[in-house]
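No hydrogens, no waters, no symmetry mates; every other heavy atom, side chains included, goes into these values.
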Amino acid sequence: MEEKVTTKPKADKPRGFYCLLTAAVVVSGIAVFVGLSEHKTSSSLELPWWKTTIIYQVYPRSFKDSDGDGIGDIKGIRIIIDFVPNHTSDKHVWFEKSLQNDDKYKDYYIWADDIVTSGGSRKPPNNWLSVFSGSAWTWNENRSQFYYHAFLTKQPDLNFRNTDVIDDMKGVLRFWLERGVDGIRVDALQKLFEVTDLSLNEPPSNAKEYHEHQYNYLNHPYTESLPETFEVVTRWKDVMNEFENKDGISRFMVIETYEQPSQRNIYYDHGAVPYNFDLIMDVTSECGGLCIRDVLEKEYSNLPPGAWPTFVLGNHDRNRVSKKFGLEFVNVYNMLLLTLWGTPTTYYGEELGMEEIQVSFEDTQDPQGLKQGKEYYAEFSRDPCRSPMQWTSSVQSGFSTSPTPWLPVHGHYRTVNVEVQKNSKSLSPLQLYRKLAFLREHPSFQTGSLQYVVVNKNILSYVRGSDGEGRFLVAMNFGHKTSTDNYSIHPVNTEKGTVVVTTSSLNSEEKNTRSLKDISLLPGSGIIIKL
């Protein structure tokens with residue numbers, strides 16, 4: 001959840017590029033997704049665009065600054081906005097009218113009377129906590145009431161039990177669809193509804209590592225994932241269908257949710273696709289081939305009939321791949337993400353292997369970190385993964401002409417940037433990513449099956465495709481030891497294949513025929529072989 005950000009026009013993006021832009025509008029955020037490939041196969045043309053593209057999440061403040069003010073700006077045509085319906089700014093006209101008890105807007109937000117203690121002090125109606133710590137209630141003198149905010153004080157929650165709110169938020173969605181956006185990523189949806197009985201206190205989680213002012217000190221049965229949420233999602237899908245029926249172009253609605261499959265899969269029944277964040281939440285640096293296979297199977301085996309999966313390795317709220325797994329594993333995790341069945345989402349800079357920055361408390365921008373104070377801000381701030389995109393070796397890495405961008409550029413920008421990696425004589429992460437992006441256009445990676453081959457504590461491997469489309473062996477080492485294995489076994493059932501892509505060289509191994517009986521993979525390496 002972000003403070004207000006202004007997004008300014010920029011040059012058009014490359015053809016066939018889908019982008020998620022994370023910034024702020026009426027409801028707090030905009031996001032842009034970008035697909036990296038430019039040609040379509042006959043098989044992929046039968047699928048809606050969001051099933052065949054690679055989604056590229058951009059944090060606009062940090063992507064490209066065109067006017068020298070130190071803050072990024074971007075323009076899309078093919079974009080998916082980050083739609084944050086849960087709340088508005090406290091400066092929004094709806095909230096200002098609600099403060100004045102305007103007839104229509106009086107109940108647009110969650111208002112509650114105070115509780116007066118025996119000592120005469122004023123208390124909120126319950127113990128609900130803000131995600132950013134502290135009470136989720138703020139007193140307002142104008143109305144002599146508390147208002148509820150699941151996030152920042154400046155972000156009052158809308159009351160979705162008010163039908164006018166539902167209608168007006170559908171209007172917000174129509175506004176963006178009329179401007180040409182191709183879909184929405186719904187943020188903070190789990191906080192959309194609260195119970196009507198505001199006297200109910202949420203129970204303690206009994207998690208000893210949290211202080212009483214921190215969000216996870218409590219469980220949240222009264223303020224998260226209430227069943228009424230799904231009906232609202234259906235209404236948004238109805239609006240998107242109106243536009244799809246006019247021009248035949250599919251509109252995409254993806255839900256940000258960290259829930260388990262049993263809960264997140266309900267969104268499929270309401271016209272939305274839930275993000276699968278299991279690769280973020282359940283995979284650690286010690287998670288080898290077997291562990292990752294189990295995480296993938298949790299998604300695949302629980303999918304409802306006809307549902308389409310998604311996979312994400314990182315975003316603006318989580319550690320970068322280089323931080324979480326180590327620089328030596330950046331390439332192999334990109335190979336994993338781009339060869340799975342399902343729509344992949346890449347966070348900007350992961351295609352370069354960008355690293356996180358260190359931010360002092362004085363330079364911290366993230367309200368989640370600032371709310372924790374100087375002692376704890378580093379544990380909660382998301383600024384380290386939001387540093388400016390590294391374009392060139394010039395000043396501020398080509399991100400901005402400002403001497404003081406909103407966050408500092410990483411110190412290694414002279415060697416880790418788009419320009420250097422694009423022109424590198426040896427295989428760079430960007431060059432590998434481009435190869436994988438184009439390979440993913442093959443029908444075998446669009447609609448083909450996925451069958452596991454060698455899977456052990458180091459290795460994860462699988463075959464994508466079928467005899468009719470063509471079959472590819474993808475083998476990757478996520479462990480910490482070199483592993484030599486026989487890949488000619490079932491379901492490969494052949495002894496030789498042609499190398500298509502490796503993580504270790506630019507061109508020397510490609511197009512070579514090699515035996516599948518004794519392939520050795522170093523930690524963090526991978527290979528794709530056409531069978």
Pair Tyr333-Phe325, ring-ring contact (aromatic ring centres under 6.0 Å, His included): steps then yes or no: CA-CA 9 Å; Tyr333 273 99; Phe325 304 114; 4.0 Å; yes
SB check [X] [Y] (cutoff 4.0 Å):
X	Y	value
Arg122	Asp113	no
Arg185	Asp82	yes
Lys374	Glu362	yes
Arg235	Glu231	yes
Asp187	Lys191	no

[atom1]/[X] to [atom2]/[Y] distance, rounded to the nearest 0.5 angstrom?
X	Y	atom1	atom2	answer
Glu350	Gln57	CD	CD	10.0 Å
Ser285	His480	OG	NE2	5.5 Å
Glu355	Leu327	CD	CG	4.0 Å
Ser135	Lys123	OG	NZ	10.5 Å
Asp103	Asp164	CG	CG	11.5 Å
Glu299	Thr310	CD	OG1	6.0 Å

For Phe193, ring pair (Phe, Tyr, Trp, His ring centres under 6.0 Å) partners two or more places apart: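 Ring pair (Phe, Tyr, Trp, His ring centres under 6.0 Å) check on Phe193 returns nothing, list empty.
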N/O donor-acceptor pair under 3.5 Å between Thr364 side chain and Asp366 backbone: no
Main-chain N/O of Val359 paired to Asp363 side chain as donor or acceptor, under 3.5 Å: no
Counting only heavy atoms not in [X], do more than 12 fall under 6.0 Å of its [atom1]?
X	atom1	answer
Phe311	CZ	yes
Lys106	NZ	no
Glu209	CD	yes
Glu242	CD	yes
Arg143	CZ	yes
Lys323	NZ	no
Lys457	NZ	no

Stepwise side-chain hydrogen bond (donor to acceptor under 3.5 Å, both in side chains) test for Asn319 and Glu356: CA-CA 8 Å; Asn319 287 130; Glu356 295 188 356; 3.0 Å; yes
Criterion side chain to side chain donor-acceptor pair (under 3.5 Å) against Tyr108, the qualifying member of Asn159, Asn162, Asp157, Asp168: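 The option that passes is Asp168.
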Result of checking Trp341, Tyr300, Phe252, Tyr268 against Trp308 for ring pair (Phe, Tyr, Trp, His ring centres under 6.0 Å):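 Option passing the ring pair (Phe, Tyr, Trp, His ring centres under 6.0 Å) with Trp308: Trp341.
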Positive for ring pair (Phe, Tyr, Trp, His ring centres under 6.0 Å) with Trp137, one of Trp111, Tyr147, Tyr148, Tyr109: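 The residue from Trp111, Tyr147, Tyr148, Tyr109 that satisfies ring pair (Phe, Tyr, Trp, His ring centres under 6.0 Å) with Trp137 turns out to be Tyr148.
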Are [X] and [Y] close enough that a side-chain donor and a side-chain acceptor fall under 3.5 Å?
X	Y	answer
Glu202	Thr223	yes
Tyr105	Gln100	no
Thr343	Trp50	no
His149	Ser130	no
Ser133	Tyr215	no

Residues that Gln263 engages under side-chain contact (heavy atoms from CB on, under 4.5 Å), provided they are two or more places apart: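 For Gln263, the residues satisfying side-chain contact (heavy atoms from CB on, under 4.5 Å) (neighbours in sequence not counted) are Ser225, Phe230, Glu259, Ile266.
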Listed partners of Val295 passing side-chain contact (heavy atoms from CB on, under 4.5 Å), at least two apart: Asp278, Leu279, Asp282, Val283
Tyr258 and Phe277 aromatic ring geometry - parallel, tilted or perpendicular at 30°/60° bounds: parallel
Heavy-atom check, side chain of Val232 versus side chain of Thr229, under 4.5 Å: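 Heavy-atom side-chain distance check fails, nothing below 4.5 Å.
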Heavy-atom side-chain contact between Phe151 and Gln368 under 4.5 Å: no
Cationic tip of Arg179 above Phe243 ring, under 6.0 Å, 45° of axis: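 Here Arg179 fails the 6.0 Å and 45° test against Phe243.
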